[in-house]
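As structure tokens, the structure follows; a few thoughts come after it.
FYI, the numbering just counts along the sequence from 1.
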Amino acid sequence: FPVTIGAANVAPTPTNGPLTMSFNLEPNAQYNVTIMGMNGKVYKSYGLSSIDGSLIKQENVTDLPNGSYDLILMNINGSQTRTPILKQ
């Protein structure tokens, strides 16, 4: 797990499809997760919340074109962290 509150770890990277995202969130806070290409195009976006602050989510990125992406985790206050993803 990442130690920073409001952070995400992604494994494996590079990936060819299945991705495990580990989040360390403020308890009971709302977040938005976005997977964005380097061209600024949003490929996936959804909300997250966590009771205990940590959350593991599986994401299948098989349908994404090969290349570099950012996993953007934004909290309700607008602060965000970016974690790189490499899809092969």
Side-chain angles (χ1 to χ4, degrees):
F1 279 104
V3 289
T4 307
I5 297 290
N9 268 354
V10 178
T13 186
T15 183
N16 60 2
L19 198 60
T20 301
M21 302 177 293
S22 305
F23 298 99
N24 187 21
L25 309 175
E26 291 179 43
N28 302 313
Q30 299 291 319
Y31 288 85
N32 189 65
V33 175
T34 303
I35 297 178
M36 181 184 294
M38 294 296 114
N39 59 2
K41 180 177 178 184
V42 173
Y43 288 90
K44 297 179 186 275
S45 184
Y46 47 86
L48 277 185
S49 65
S50 176
I51 300 302
D52 60 4
S54 60
L55 181 68
I56 296 177
K57 182 162 174 45
Q58 302 290 320
E59 184 71 56
N60 190 341
V61 294
T62 307
D63 56 332
L64 297 185
N66 289 352
S68 296
Y69 297 86
D70 274 335
L71 173 73
I72 302 169
L73 179 65
M74 183 181 299
N75 72 11
I76 199 145
N77 301 324
S79 66
Q80 64 181 19
T81 59
R82 290 177 181 251
T83 305
I85 300 171
L86 183 59
K87 164 72 171 39
Q88 291 185 328

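You'll find the side chain of Val10 stays beyond 4.5 Å of the side chain of Thr20, heavy atoms only. Residues Lys44 and Asp63 are in side-chain contact: their nearest non-hydrogen atoms beyond the backbone lie under 4.5 Å apart. The shortest side-chain heavy-atom distance between Lys57 and Phe23 falls under the 4.5 Å cut-off. In this structure the side chain of Thr15 reaches within 4.5 angstrom of the side chain of Val61, judged on heavy atoms. Residues Leu55 and Leu48 are in side-chain contact: their nearest non-hydrogen atoms beyond the backbone lie under 4.5 Å apart. Put simply, the side chain of Leu19 does not reach to within 4.5 Å of the side chain of Asn60, judged on heavy atoms. With contacts defined as side-chain heavy-atom distances shorter than 4.5 Å, the pair Asn32/Tyr46 does not qualify. No side-chain heavy atom of Asn16 sits less than 4.5 Å from a side-chain heavy atom of Gln88.
A distance of 4.5 Å separates CD of Gln30 from OG of Ser49, quoted to the nearest 0.5 Å. The OH atom of Tyr31 sits 8.5 Å away from the OG1 atom of Thr81 when rounded to the nearest 0.5 Å. Distance CG/Asn77 to CD/Glu26: 7.0 Å, rounded to 0.5 Å.
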* To do: Test Leu25 against Leu73 for side-chain contact (heavy atoms from CB on, under 4.5 Å), laying out the working first.
  => CA-CA 10 Å; Leu25 309 175; Leu73 179 65; 3.7 Å; yes

* Asked: So Asn75 and Gln80, side-chain contact (heavy atoms from CB on, under 4.5 Å) or not? Walk me through it.
  -> CA-CA 6 Å; Asn75 72 11; Gln80 64 181 19; over 6 Å; no

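Taking the centre and axis of the six-membered ring of Tyr43, the NZ or CZ atom of Lys87 falls outside the cone set by 45° and 6.0 Å.
The environment of Ile76 atom CD1 is sparse: at most 12 non-hydrogen atoms of other residues, nucleotides or ligands sit within 6.0 angstrom.
Across all non-hydrogen atoms, the minimal contact from Ala8 to Leu71 is CB-CD2, 3.8 Å. Pro12 and Pro18 make their closest contact through CD-O, 3.7 Å (heavy atoms, listed as atom of the first residue, atom of the second, distance). When all heavy atoms are compared, the tightest approach of Ile56 to Ser22 is CG1-OG, 4.1 Å. Summarising the geometry of Ser45 relative to Thr34, their closest heavy-atom pair is OG-OG1, 3.5 Å, with the distance given to 0.1 Å.
Under a hydrophobic clustering in which Ile, Leu, Val, Met, Phe, Trp and Tyr are joined whenever their side-chain heavy atoms come within less than 4.5 Å, directly or via other members, Tyr69 and Met74 fall into different clusters. Cluster membership check: Val33 shares its hydrophobic cluster with Ile85, using side-chain heavy-atom separations under 4.5 Å among Ile, Leu, Val, Met, Phe, Trp and Tyr.
In terms of modelled atom types and a separation under 3.5 Å, the side chain of Ser50 and the main chain of Pro27 share no donor-acceptor contact.
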